[in-house]
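Everything on this sheet refers to the single structure shown next.
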Amino acid sequence: MAGSLIIRRARPVPLTADPVAQVVDVLIRNGRIAAVAESGTAAAGFEDTGVPEINADGRWLLPGLWDGHVHLLQWARLRSKLDLSATESAADLCARLAVIAAADEGDQPLVGFGHRSAVWPDLPLVADLDAVTGDRPTALISGDSHQCWLNSAALRMLGLPPVSGALSEDDWFAIAPQVERLSARESEHDACARALQDAADRGVVGLVDFEFGDGWRRWPHRFAAGLDRLRIQVSCYADELPQVLAAGLQTGDPLDRSGRLTMGPFKIISDGSLNTRTAWCCQPYADHGDHPGGDHGQSNQTPEELLELLQRSRIGGLQVAVHAIGDRAVSAALSAIEASGARGSIEHAQLLQRSDLQRMARASVVASVQPAHLLDDRDVAEQVWPDRTDRCFMFASMLQAGVTLRLGSDAPVAPLDPWLAMAAAVHRSADDRPAWYADEALTAQQALAASTGGVAAVQAGGRGDLVLVDQDPLAGTGSADAARVLRQLSVGLTVVDGHLVGGPLSR
């Protein structure tokens with residue numbers, strides 16, 4: 001059931017206008033904002049003594065934050081995997097794994113996450129992994145989640161034929177759910193509960209879940225079991241599309257009675273990733289070498305197949321979310337969207353041709369981007385795309401062209417942390433180096449506006465999904481300071497549908 005609440009003495013953060021020196025009270029009734037009034041006035045409705053109250057004590061008030069791209073179960077189970085993010089080569093990873101295996105003599109599968117082989121001097125080979133893990137099944141998922149390095153024991157366990165190197169793209173995605181189950185050290189319920197609570201404590205009120213499988217069937221059971229803290233939009237992939245269409249489900253349809261669980265978009269992975277050299281590009285990679293993506297990367301569908309998928313989803317009432325990282329993939333996705341009349345988003349849009357910015361705007365395509373990826377991909381892009389890095393993560397150019405931006409994390413590829421995403425969009429650097437193409441940075445206000453699920457202000461009639469933060473998120477001066485303010489921001493309270501769900505004021 002939706003809740004009712006009064007928040008007193010809060011300072012609204014302007015997302016599209018100049019600041020106003022006003023402290024307000026907010027009345028939420030049955031999950032909707034019933035009134036917003038200047039504090040201290042005798043506004044109607046606020047005298048209702050049956051409604052619980054929170055004293056914001058001058059904290060800053062925002063619409064609730066959304067993460068537009070999450071793989072929730074993978075993120076929830078990340079802490080049960082070995083952290084291999086700091087490895088510098090295949091040889092280095094094998095050496096570290098030998099130490100880990102020697103210290104842990106159990107027979108449970110070893111599952112790791114986080115290595116990025118794009119700039120390694122050597123290739124991940126099954127024989128090298130076998131030499132240090134023996135018969136203990138081992139699966140090592142790359143930090144971009146587009147590749148998995150398995151040993152022979154794991155290949156046999158999963159019923160796969162022998163291979164010499166790591167599995168990428170569709171070969172890997174087909175077994176990803178099985179590998180996820182190998183890493184389970186706690187129940188799915190407990191893992192998801194912890195992840196959702198952590199998100200709520202960071203000010204997140206909703207997310208789009210792009211997990212593989214039949215989430216549109218599983219999430220109603222999760223909500224019934226108490227995992228109903230946030231709003232969830234549930235996507236589907238091509239293997240589930242016939243069943244979703246047969247069920248008559250359209251984007252936005254409720255999946256249970258709470259009103260917080262809805263059908264999301266139809267997800268299509270149209271190309272690969274930068275780190276596996278499989279992102280589909282107009283020009284060849286500078287150092288493609290022996291990488292599986294070849295010189296231009298790869299497309300996962302023919303133009304006819306992509307168009308047919310988009311037409312089916314449009315006719316069925318599903319919006320689309322087309323994964324496209326390379327500039328050629330983005331162009332192909334836009335062509336299919338234009339021809340089909342489909343609505344929705346391009347996920348990632350990491351490398352674009354400048355001429356496609358106006359096409360995105362004309363087609364009302366949302367750019368669902370993950371700014372924290374630029375912190376990880378900056379050096380790789382300089383190596384493999386040295387002639388086109390000025391066209392990577394073109395956030396400011398997208399806004400100037402009239403494209404709607406939606407920020408997210410792609411967790412577990414980056415942490416489910418909207419403040420990190422905003423900071424990356426604002427400063428475009430994670431170290432002492434200057435911002436990477438600073439002219440493509442967003443202001444803190446623009447980053448916030450792209451993080452609230454399209455809600456531009458706290459106003460009467462809106463959903464009762466709000467966040468109180470302890471500091472002014474727009475207080476930074478200059479991009480580096482603005483990013484520091486965002487990264488260090490603390491959330492006091494998160495409210496979803498009129499219920500207290502996160503932050504210390506909710507305890």
Subject >> Sidechain N-carboxylate O distance under 4.0 Å for D327, R388 >> reply: no
**OP:** Determine yes or no for a side-chain-to-main-chain donor-acceptor pair under 3.5 angstrom, with N151 supplying the side chain and T138 the backbone.
**Re:** yes
Original post:
Okay, side chain of Y237, backbone of E211: is any donor-acceptor separation there less than 3.5 Å?
Top reply: no
Subject >> Residue pair S80 / E186, side-chain donor-acceptor N/O under 3.5 Å >> reply: no
**OP:** Could you note down all residue pairs passing salt bridge (Lys or Arg N to Asp or Glu O under 4.0 Å) where residues 67-77 supplies at least one of them, sequence neighbours left out?
**Re:** none
Original post:
Between R362 and E338, does at least one N-O distance fall below 4.0 Å, as a salt bridge requires?
Top reply: no
Original post:
Among side-chain atoms of Q350 and D377, is any donor-acceptor pair under 3.5 angstrom?
Top reply: yes
Original post:
Do we see a donor-acceptor contact under 3.5 Å between the side chains of E347 and S345?
Top reply: yes
**OP:** Validate the cation-pi geometry between R428 and F395: distance from NZ or CZ to the six-membered ring centre under 6.0 Å, angle to the ring axis within 45°.
**Re:** yes
Original post:
Is there a donor-acceptor contact under 3.5 Å linking the side chains of Q471 and S490?
Top reply: yes
Original post:
Does any donor atom in the side chain of S335 or R359 lie under 3.5 Å from an acceptor atom in the other side chain?
Top reply: yes
Subject >> H323 backbone acceptor or donor facing S270 side chain under 3.5 Å >> reply: yes
**OP:** Could you tell me whether R354 and D390 make a salt bridge, using a distance below 4.0 angstrom between a side-chain N and a carboxylate O?
**Re:** yes
Original post:
In this structure, are over 12 heavy atoms from other groups packed under 6.0 Å from D431 atom CG?
Top reply: yes
Original post:
Using a distance-only test with no angle check, is there a side-chain donor-acceptor pair under 3.5 angstrom linking S142 and D144?
Top reply: yes
**OP:** Of all the heavy-atom pairs spanning G143 and F113, show the shortest one and how long it is.
**Re:** O-CZ, 3.6 Å
Subject >> Donor + acceptor pair across side chains of Q147, T276 (<3.5 Å) >> reply: no
Subject >> Over all atoms of both residues, closest heavy-atom pair of T494 and A200 >> reply: OG1-O, 2.6 Å
Original post:
Is the H348 ring parallel, tilted or perpendicular to the H69 ring (thresholds 30°, 60°)?
Top reply: tilted
**OP:** Grab the two heavy atoms, one from S235 and one from M263, that are nearest each other, plus how far apart they are.
**Re:** C-CE, 4.3 Å
**OP:** Indicate whether any N or O donor in one side chain lies under 3.5 Å from an N or O acceptor in the other, for Q383 and D379.
**Re:** no
**OP:** Kindly state each residue pair satisfying ring-ring contact (aromatic ring centres under 6.0 Å, His included) with at least one member in residues 159-202, sequence neighbours excluded.
**Re:** H146-F173, F173-F212
**OP:** Step through the shown structure and confirm whether more than 12 heavy atoms of other residues, nucleotides or ligands are within 6.0 Å of CG on D190.
**Re:** yes
Original post:
Quick one: does N300's side chain have a donor or acceptor within less than 3.5 Å of a partner on D271's backbone?
Top reply: yes
